[in-house]
Asks: 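Supplied in structure tokens, the structure appears directly below.
Here is the naming used below: chain letters follow the sequence lines, and residue numbers restart at 1 for every chain. Note that these values count all heavy atoms, side chains included, but never hydrogens, waters or copies made by symmetry. Worth saying up front: this structure is predicted, and the values here are computed from it rather than measured.
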There are 2 protein chains.
Amino acid sequence: MPSTELPQQTSARRIDRPVPLRERVYQAMQELIISRQLAPGQHLVESELAEMLGVSRQPIREALQLLNSEGWVDLRPGYGAFVHAPTDAEVDQLLAVRAVLEGESARLAALNADADGIARLRKLCAEGEAALASDDVDGMVAANAELHRCVTELSGNRVLLDFVSQVDRRVRWYYTPIARNRGARSWEEHGRLVDAIERGDAETAAQIMREHTERTRHSYLEQRAENPEPDEQPAQVRTRRRRAAPRV
Amino acid sequence: MPSTELPQQTSARRIDRPVPLRERVYQAMQELIISRQLAPGQHLVESELAEMLGVSRQPIREALQLLNSEGWVDLRPGYGAFVHAPTDAEVDQLLAVRAVLEGESARLAALNADADGIARLRKLCAEGEAALASDDVDGMVAANAELHRCVTELSGNRVLLDFVSQVDRRVRWYYTPIARNRGARSWEEHGRLVDAIERGDAETAAQIMREHTERTRHSYLEQRAENPEPDEQPAQVRTRRRRAAPRV
DNA sequence: ATACAGTATTCTGTATGCAGAAGTCGAGGT
DNA sequence: ACCTCGACTTCTGCATACAGAATACTGTAT
């Protein structure tokens, strides 16, 4: 098994305290899942992860708890942890939830945003369009995520922000590998969204955001239909653990 | 410290497997928090919990992870776990989120509910009204929770159900100790809600549910204003751990 | 060759042990 | 009386150890 580095303790926390291993493990594993190095359905053996990341099983277990509660892995008591394998229905439902939550975010943002907030939105829009113009896919994805996050922040509802962040990360995991090509249309919508927020037109903002997310949803499902997960036996749930290396 | 029983392993799981200690600890601690035996802001010392529940620290830690991710306790790395002390603003925001999510539940339920589902809703309405008539507060609270849950189930969106369940439990924790007296009005609203769902009138159902939750929110804030948490120093965040029993 | 039973091994769940950080108490100085 | 410094205690975070359950392998009988 390839040994993987834990993220270095980059940015200091509020107070200067060493980031616990369990959090770094959590981060690292989330990356591994998003990047598909840990494939959906795969059985995660604690001791292997421990060796791979150079820590003991305890922080691994604690990280798995967290990943489980956020829907990244499934914990089956007595059987172990498995990378969550979302069904199409689940992705669809998750996007529906996101549409509602982000619609509400936009509505509240329109009611609460100040000039400074609007400026931040404009800046992100500009960045996104620049990325689009120069065909910088990663830049677009990043600007897109930032914009959505910013809108939610401007809603002034911290609880909402927590929920949306959680949903967003999962959606991005499901979504990223396929549909990256609705660029131009998407940024035009974003522009209209910011306009509505600036006018304080809450209902229009909410509407635009909901429809925006709904379109994401439909384009996801279409692409998914044409293009089922390449290296995945559809609908096969792996229940067996694979055998470890045979003895000599 | 009083020793507390872990819940007996009552109902069998899908497969007949012993429920892990961590889950029973999770359940037990959630109960202790809801019942205020563990007070908001209180520092939760792992070893004390372990002794109290008759297990080692490991399952305690894992349960704390879960409780943290659902907002019941705050985990401050290096400092320990504290029972979450929600601010008024947070409760308000959480109720706002619930209004949106349950509004969507109602909308989808109106589109998807079958005759059987409607019957279940009617039954719960009847139970609630019966409880109201006989002044059975606990019965009313239970029927109310069941009704809301049932609506969300009928939405057919499982992801939504997960989110709503989570939000609901937290709301009930915040809310239960105070406002229990909007009975009659509340059940009348429920009746109209079920009517709308039965008609398949999605927008009206959503509207009623949103307004219903909004009223809950306002009544919460009113009561809270008149009646701040009795045995709690307002706005005082406990950062110090209390000293353990002095040695002999 | 297939089915079955028994054995070996892996893996999870839980407990225990240990080092270092955080907090507390008390003595001494101002 | 109040502040400061230092030793002591407690607590968290992590590692290791152990028991039991579940799985995979192997040999034998049919």
Asks: How many whole angstroms separate atom CG of B:L75 from atom P of D:dC11?
Replies: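 After rounding, the gap between these two atoms is 16 Å.
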
Asks: Could you give the CD-to-C1' distance, from B:E51 to D:dT10, as a whole number of Å?
Replies: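 That distance rounds to 14 Å.
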
Asks: Checking A:E70 now: which residues fulfil salt bridge (charged side-chain N to carboxylate O under 4.0 Å, His left out) with it, not counting sequence neighbours?
Replies: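 A:E70: salt bridge (charged side-chain N to carboxylate O under 4.0 Å, His left out) contacts with A:R169.
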
Asks: Between C:dG23 atom P and B:R76 atom CZ, what is the distance in whole Å?
Replies: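 Whole-Å distance recorded here is 9 Å.
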
Asks: Starting from C1' on D:dT12, measure out to CD1 on B:I60 and report it in whole angstrom.
Replies: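 To the nearest whole Å, that distance equals 14 Å.
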
Asks: Detail all sub-3.5 Å separations between protein N/O atoms and N/O atoms belonging to nucleotides 15-18 of chain D.
Replies:
| residue | atom | partner | partner atom | Å |
| --- | --- | --- | --- | --- |
| D:dA15 | OP2 | A:S56 | N | 2.8 |
| D:dA15 | OP2 | A:S56 | OG | 2.7 |
| D:dA15 | N6 | A:Q58 | OE1 | 3.4 |

Asks: Test of understanding: with side chain to side chain donor-acceptor pair (under 3.5 Å), list the residues that count as partners of A:S69, not counting sequence neighbours.
Replies: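 Checked A:S69 against side chain to side chain donor-acceptor pair (under 3.5 Å); matches are B:S69.
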
Asks: Who are the salt bridge (charged side-chain N to carboxylate O under 4.0 Å, His left out) partners of B:E127, not counting sequence neighbours?
Replies: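 B:K123.
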
Asks: Please report, rounded to the nearest Å, how far the P atom of C:dA21 is from the CD atom of B:E46.
Replies: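 Roughly 18 Å, once rounded to whole Å.
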
Asks: Tell me, please, which residues at least two apart from B:D88 pass side chain to side chain donor-acceptor pair (under 3.5 Å).
Replies: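 Only B:R224 meet the side chain to side chain donor-acceptor pair (under 3.5 Å) criterion with B:D88.
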
Asks: Rounded to whole Å, how long is the line connecting atom CG of B:L44 with atom P of D:dT12?
Replies: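 The answer, rounded to whole Å, is 9 Å.
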
Asks: Going by the rule salt bridge (charged side-chain N to carboxylate O under 4.0 Å, His left out), which residues pair with A:E46 if we only count those two or more places apart in sequence or in a different chain?
Replies: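 Here the qualifying residues are A:R57, A:R61.
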
Asks: In whole Å, what is the span from the CZ atom of B:R61 to the P atom of D:dC11?
Replies: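 Rounded to the whole Å, the gap is 14 Å.
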
Asks: Counting side-chain heavy atoms from CB outward, which of D:dC14, D:dA22, D:dC11 is closest to B:E48?
Replies: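 Looking only at side-chain atoms, B:E48 lies closest to D:dC11.
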
Asks: Identify whether the distance between the nearest side-chain nitrogen and carboxylate oxygen of A:R170 and A:E90 falls below 4.0 Å.
Replies: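 Result for this pair is yes, salt bridge flagged.
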
Asks: If I take atom CG in residue B:L64 and atom C1' in nucleotide C:dT14, what distance separates them, rounded to the nearest angstrom?
Replies: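 Answer to the nearest Å: 16 Å.
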
Asks: Can you identify which nucleotide, out of C:dT12, D:dT12, C:dA22, has its nearest atom closest to the B:H43 side chain?
Replies: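 Ranking C:dT12, D:dT12, C:dA22 by closest atom to the B:H43 side chain puts D:dT12 first.
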
